[in-house]
Asker: 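Below is the structure I would like to discuss, written out as structure tokens.
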Amino acid sequence: MIAWKESYDIGVEKIDCQHRQLLLKLNEFFDACSNQQGRDKIEETLGFLKEYTLEHFSNEEELMDEIHFPELGDHRKEHAEFVKTVLELEEAVKTKGVSVLTTIKLNRILTDWLLTHISKCDKLIGEYLAKRGETA
Ligand SMILES: [Fe+2]
């Protein structure tokens with residue numbers, strides 16, 4: 001179980017809510033994995049991620065666009081990479097079936113996403129917004 005830390009909040013309610021919602025799903029998946037049910041849960045989790053990223057990433061990108069966030073291009077690339085990884089995993093599951101390896105891989109990708117993308121990259125959006133507020 002990973003607990004949400006207030007430091008993960010970027011200060012934009014809609015985005016923070018979506019991030020918390022993602023964490024809930026991740027925890028469900030981690031839970032299933034530790035109960036040896038990761039294999040059953042993987043398809044559901046991948047299906048969720050496909051829909052979730054569609055909405056969440058476009059919301060985040062719209063926000064970055066609106067505020068003229070300087071690193072929008074790089075950030076967008078990271079989102080695209082994540083979507084690609086999810087699709088690749090889905091394809092692997094479809095063609096080769098669920099394996100322990102895909103389960104471990106998804107586990108690692110999701111943890112990395114939370115610890116590096118959300119808590120570092122997305123955080124920069126919040127910091128940029130705060131700085132803008134000060135100078136406005
Ligand atoms: Fe992001």
Side-chain angles (χ1 to χ4, degrees):
M1 259 279 286
I2 300 181
W4 183 262
K5 287 190 199 147
E6 251 170 64
S7 65
Y8 296 158
D9 282 331
I10 71 162
V12 178
E13 207 188 336
K14 189 177 177 185
I15 303 291
D16 290 331
C17 278
Q18 290 173 343
H19 283 158
R20 284 167 199 252
Q21 193 200 351
L22 176 67
L23 184 66
L24 273 178
K25 272 285 169 189
L26 305 198
N27 278 328
E28 266 180 46
F29 180 64
F30 296 149
D31 239 22
C33 288
S34 52
N35 295 318
Q36 273 75 49
Q37 279 154 358
R39 294 168 82 111
D40 301 331
K41 198 78 178 167
I42 194 165
E43 286 182 272
E44 185 201 316
T45 308
L46 287 170
F48 166 82
L49 286 172
K50 259 172 72 177
E51 276 196 30
Y52 172 89
T53 51
L54 211 61
E55 194 194 344
H56 173 63
F57 288 169
S58 69
N59 286 164
E60 239 184 58
E61 287 166 17
E62 267 164 33
L63 169 70
M64 288 188 278
D65 201 31
E66 248 167 57
I67 63 170
H68 308 292
F69 184 67
E71 283 108 60
L72 171 61
D74 287 339
H75 201 123
R76 196 176 256 145
K77 264 187 221 151
E78 284 210 20
H79 286 172
E81 274 295 314
F82 187 81
V83 171
K84 199 174 137 224
T85 312
V86 169
L87 293 178
E88 277 168 6
L89 272 180
E90 193 194 37
E91 188 59 28
V93 167
K94 250 191 218 152
T95 52
K96 294 181 222 143
V98 182
S99 68
V100 177
L101 204 70
T102 41
T103 312
I104 293 172
K105 205 168 168 198
L106 182 59
N107 224 309
R108 209 196 52 222
I109 289 161
L110 293 176
T111 315
D112 273 1
W113 189 256
L114 177 71
L115 298 179
T116 61
H117 187 84
I118 294 182
S119 69
K120 294 203 176 83
C121 300
D122 290 342
K123 192 71 193 179
L124 292 177
I125 308 171
E127 283 168 12
Y128 180 74
L129 265 174
K131 237 185 6 208
R132 253 177 113 236
E134 275 166 28
T135 52

Asker: What is the distance from atom NZ of Lys77 to atom CG of Leu72, rounded to the nearest 0.5 Å?
Answerer: 11.0 Å
Asker: So Glu43 and Leu46, side-chain contact (heavy atoms from CB on, under 4.5 Å) or not? Walk me through it.
Answerer: CA-CA 5 Å; Glu43 286 182 272; Leu46 287 170; 5.6 Å; no
Asker: What's the separation between atom CD in Gln21 and atom NE2 in His19, rounded to the nearest 0.5 Å?
Answerer: 10.5 Å
Asker: May I have the step-by-step check of side-chain contact (heavy atoms from CB on, under 4.5 Å) for His56 and Ile15, ending in yes or no?
Answerer: CA-CA 7 Å; His56 173 63; Ile15 303 291; 4.0 Å; yes
Asker: With Glu90, which residues qualify under side-chain hydrogen bond (donor to acceptor under 3.5 Å, both in side chains), at least two apart?
Answerer: Lys50
Asker: Between Leu106 and Leu49, is any pair of side-chain heavy atoms under 4.5 Å apart?
Answerer: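 They are in contact (side-chain heavy atoms under 4.5 Å apart), so the answer is yes.
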Asker: Between Leu26 and Ile42, is there shared hydrophobic-cluster membership here, with clusters defined by ILVMFWY side-chain heavy atoms closer than 4.5 Å?
Answerer: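 The answer is yes; both residues are in one hydrophobic cluster.
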Asker: Give the minimum heavy-atom separation between Ala92 and Thr102, together with the two atoms involved.
Answerer: CB-CG2, 4.3 Å
Asker: Could you give the distance from CD (Gln18) to CG (Leu22), rounded to the nearest 0.5 Å?
Answerer: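 The CD atom of Gln18 sits 10.0 Å away from the CG atom of Leu22.
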Asker: Same cluster or not: are Leu110 and Leu54 linked, directly or through other Ile, Leu, Val, Met, Phe, Trp or Tyr residues, by side-chain heavy atoms under 4.5 angstrom apart?
Answerer: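 Different clusters: Leu110 never reaches Leu54 through Ile, Leu, Val, Met, Phe, Trp or Tyr contacts under 4.5 Å.
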Asker: Run the side-chain contact (heavy atoms from CB on, under 4.5 Å) test on Arg20 and Asp9 for me, step by step, so that the C-alpha distance in whole Å, both residues' side-chain angles and the decisive distance to 0.1 Å come before the verdict.
Answerer: CA-CA 9 Å; Arg20 284 167 199 252; Asp9 282 331; 2.8 Å; yes
Asker: What closest approach, in Å, do Ala3 and Leu23 show between heavy atoms, and which atom pair accounts for it?
Answerer: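 That closest heavy-atom pairing would be C-CD2, 3.9 Å.
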Asker: With no hydrogens and no angle check, is any side-chain donor or acceptor of Thr95 less than 3.5 Å from a backbone partner on Glu91?
Answerer: yes
Asker: Let me see the working for Glu60 and Leu63 under side-chain contact (heavy atoms from CB on, under 4.5 Å), right down to the final yes or no.
Answerer: CA-CA 5 Å; Glu60 239 184 58; Leu63 169 70; 5.5 Å; no
Asker: Donor-acceptor check, side chain of Asp31 to backbone of Met1, threshold 3.5 angstrom: yes or no?
Answerer: no
Asker: Look only at the side chain of Lys123 and the backbone of Ile118, and say whether a donor-acceptor pair between them is shorter than 3.5 Å.
Answerer: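 Not at all, since once roles are kept as given, no pair shorter than 3.5 Å links the two residues.
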Asker: If you round to the nearest 0.5 Å, how far is CG of Leu129 from CD of Glu66?
Answerer: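 One gets 9.5 Å once the value is rounded to the nearest 0.5 Å.
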Asker: With the side chain counted from C-beta on, respond yes when Val100 and Arg39 share a heavy-atom pair under 4.5 Å apart, and no when they do not.
Answerer: yes
Asker: If hydrophobic clusters are built from ILVMFWY residues whose side chains come within less than 4.5 Å, do Ile125 and Tyr52 share one?
Answerer: no
Asker: Roughly how far, to the nearest 0.5 Å, is the CG atom of Leu24 from the CD1 atom of Ile2?
Answerer: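 Ile2 CD1 to Leu24 CG: 12.0 Å, rounded to 0.5 Å.
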Asker: Checking Glu44 now: which residues fulfil side-chain hydrogen bond (donor to acceptor under 3.5 Å, both in side chains) with it, not counting sequence neighbours?
Answerer: Lys25, Lys41
Asker: Rounded to the nearest 0.5 Å, what separates atom CG in Asn35 from atom CG in Asp40?
Answerer: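 Spacing of CG (Asn35) from CG (Asp40) equals 11.0 Å.
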Asker: Establish whether Leu114 and Ile104 are linked, either directly or via other cluster members, by ILVMFWY side-chain heavy-atom contacts under 4.5 Å.
Answerer: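 Different clusters.
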Asker: Is there side-chain contact between Lys84 and Glu88, with at least one heavy-atom pair below 4.5 Å?
Answerer: yes
Asker: Please answer: with hydrophobic residues joined when any side-chain heavy atoms are less than 4.5 Å apart, are Phe30 and Phe48 in the same cluster?
Answerer: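 The answer is yes; both residues are in one hydrophobic cluster.
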Asker: Below 4.5 Å, heavy atoms only, C-beta onward: do Tyr8 and Asp16 meet side chain to side chain?
Answerer: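 Not touching, per the 4.5 Å side-chain cut-off.
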Asker: Can you run down the ring pair (Phe, Tyr, Trp, His ring centres under 6.0 Å) pairs that involve residues 109-133, sequence neighbours left out, and say none if there aren't any?
Answerer: Phe57-Trp113, Phe69-Tyr128, His75-His117, His79-His117, Phe82-Trp113, Trp113-His117
